[in-house]
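For reference, the structure is listed below as structure tokens.
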Amino acid sequence: MKIDIVSIFPSYFDVLELSLLGKAAKNKLVDVSVHDLRDATTDVHKSVDDSPFGGGAGMVMSPEPWGTMLDGLLQEDSWLIVPSPAGQLFTQGLATELSGASHLVFACGRYEGIDQRVIDHYSTTHRVLEVSLGDYVLNGGEVAVLAMIEATVRLLPGFMGNPDSLVEESHEKGLLEYPSYTKPRSWRGLEVPEVLLSGNHEAIRAWREEQSQERTQRVRPDLVED
């Protein structure tokens with residue numbers, strides 16, 4: 001998978017060199033390139049924003065630098081992902097869908113966002129998604145892009161050492177994952193549930209399913225309703 005990221009803070013993505021994501025890049029499982037939007041500007045101040053038409057607080061990112069940058073990155077099969085609090089909710093299902101793409105381009109907006117004409121223009125030629133992590137507002141798209149990349153890339157075949165780890169995770173079956181335990185059997189007066197020590201795999205499976213359903217009902221009843 002090829003991933004291109006456009007931001008005015010490219011060093012934000014240095015963390016992609018760490019942990020399993022960094023290992024995936026070294027193993028050529030994913031190819032990540034980060035681009036500075038200011039490299040696509042033409043004025044001496046490298047300006048990327050201007051005041052909004054119609055008035056209002058804040059600044060809006062100008063379309064011209066984005067057009068110049070994205071014209072050089074987008075290919076026929078590219079997906080353009082734009083983090084936005086006004087976008088559709090990012091879910092495990094969407095992460096799974098993105099993991100099947102060959103090329104993802106992430107556009108990190110700042111200030112009051114990117115001029116809407118950028119999204120409208122590329123929507124006529126490419127798959128464009130405005131995506132939100134949740135019902136809150138961040139200072140920019142960088143944090144959201146980091147989260148989306150990790151959620152997506154970890155689904156690529158060969159990324160996880162044990163692929164079974166992906167099967168029983170939260171949200172894979174529409175439920176939250178059951179609680180997990182390890183040694184010691186007793187810690188600060190709290191015991192590991194006896195069923196997990198029984199060796200009875202069917203009883204363990206049933207307990208985990210029950211715990212998963214109970215946790216989902218208690219923490220995320222909206223998932224049960226869905």
Side-chain angles (χ1 to χ4, degrees), residues 1-3 13 15-32 79 81 83 85 87-104 106 127 129-136 138 142-226:
M1 172 184 282
K2 170 66 175 167
I3 295 177
F13 297 95
V15 297
L16 292 177
E17 300 176 5
L18 305 176
S19 190
L20 291 177
L21 280 169
K23 183 178 179 180
K26 290 180 180 179
N27 292 337
K28 309 300 183 182
L29 188 63
V30 60
D31 179 14
V32 181
W79 290 43
I81 313 299
Q88 70 180 86
L89 186 65
F90 184 72
T91 63
Q92 187 70 16
L94 181 54
T96 301
E97 188 175 2
L98 293 180
S99 70
S102 60
H103 185 211
L104 300 176
F106 290 93
R127 181 75 179 270
L129 297 178
E130 293 182 87
V131 183
S132 171
L133 284 190
D135 295 332
Y136 48 87
L138 301 169
E142 287 79 10
V143 169
V145 168
L146 284 171
M148 287 189 277
I149 288 176
E150 180 158 318
T152 299
V153 173
R154 66 191 302 277
L155 299 176
L156 296 177
F159 182 88
M160 299 292 288
N162 182 1
D164 289 340
S165 299
L166 299 174
V167 177
E168 298 183 356
E169 291 180 325
S170 292
H171 304 293
E172 279 299 326
K173 298 179 181 178
L175 298 172
L176 302 183
E177 190 175 1
Y178 52 79
S180 299
Y181 301 85
T182 186
K183 298 175 182 177
R185 292 174 57 167
S186 179
W187 181 76
R188 298 188 179 183
L190 300 172
E191 306 292 332
V192 173
E194 283 295 327
V195 65
L196 299 179
L197 309 174
S198 68
N200 185 330
H201 297 296
E202 179 56 29
I204 292 172
R205 184 205 63 75
W207 180 86
R208 286 174 169 170
E209 178 69 21
E210 178 184 320
Q211 291 293 309
S212 180
Q213 292 181 10
E214 187 279 330
R215 174 181 273 182
T216 305
Q217 180 67 60
R218 173 170 45 86
V219 179
R220 291 290 305 277
D222 56 302
L223 294 178
V224 178
E225 293 172 3
D226 290 341

Inset, instruction - Output yes when Glu210 and Arg215 qualify as a salt bridge under the 4.0 Å nitrogen-oxygen rule, no when they do not. - result: no
Minimum heavy-atom separation for [X] and [Y], please, with both atom names.
| X | Y | result |
| --- | --- | --- |
| Leu223 | Gly174 | CB-O, 3.9 Å |
| Ala151 | Ala95 | O-CB, 3.8 Å |
| Leu133 | Ala147 | CD1-CB, 4.0 Å |

Would you compute the distance between atom [atom1] of [X] and atom [atom2] of [Y] and round it to the nearest 0.5 angstrom?
| X | Y | atom1 | atom2 | value |
| --- | --- | --- | --- | --- |
| Arg154 | Ser19 | CZ | OG | 10.5 Å |
| Glu194 | Trp207 | CD | CH2 | 11.5 Å |
| Leu156 | Met1 | CG | CE | 5.0 Å |
| Gln88 | Ser132 | CD | OG | 9.5 Å |
| Leu175 | Gln211 | CG | CD | 12.5 Å |
| Thr152 | Leu94 | OG1 | CG | 7.0 Å |

Inset, instruction - Using only heavy-atom distances, determine whether the side chains of Gln217 and Gln213 contain a donor-acceptor pair under 3.5 Å. - result: no
Inset, instruction - Mind checking salt bridge (Lys or Arg N to Asp or Glu O under 4.0 Å) for Glu214 and listing every partner two or more places apart, or none if nothing turns up? - result: Arg218
Would you say [X] and [Y] make side-chain contact, with heavy atoms under 4.5 Å?
| X | Y | answer |
| --- | --- | --- |
| His103 | Ile3 | no |
| Leu146 | Leu16 | yes |
| Trp79 | Glu97 | yes |

Inset, instruction - Verify side chain to side chain contact (heavy atoms under 4.5 Å, CB included) between Phe90 and Leu98, making sure each step is shown before the conclusion. - result: CA-CA 11 Å; Phe90 184 72; Leu98 293 180; 4.1 Å; yes
Which atom pairs, one a donor and one an acceptor, fall under 3.5 Å between side chains of residues 21-30 and the rest of the protein, sequence neighbours left out?
residue	atom	partner	partner atom	Å
Asn27	ND2	Lys23	O	3.3

Inset, instruction - Begin with the C-alpha distance, continue with both residues' side-chain angles, and end with the deciding distance and a verdict on side chain to side chain contact (heavy atoms under 4.5 Å, CB included) for Glu130 and Ile81. - result: CA-CA 6 Å; Glu130 293 182 87; Ile81 313 299; over 6 Å; no
Inset, instruction - Output, in order, the C-alpha distance, side-chain angles, deciding distance and verdict of side chain to side chain contact (heavy atoms under 4.5 Å, CB included) for Leu129 and Arg127. - result: CA-CA 7 Å; Leu129 297 178; Arg127 181 75 179 270; 4.0 Å; yes
Legend entry - Backbone of Leu176 reached by a side-chain donor or acceptor of Thr216 within 3.5 Å: yes
Legend entry - Flag, side chain of Ser99 to backbone of Thr96, donor-acceptor distance under 3.5 Å: yes
Inset, instruction - Any chance you could lay out the side chain to side chain contact (heavy atoms under 4.5 Å, CB included) test for Phe13 and Val145, step after step, and finish with the verdict? - result: CA-CA 9 Å; Phe13 297 95; Val145 168; 3.7 Å; yes
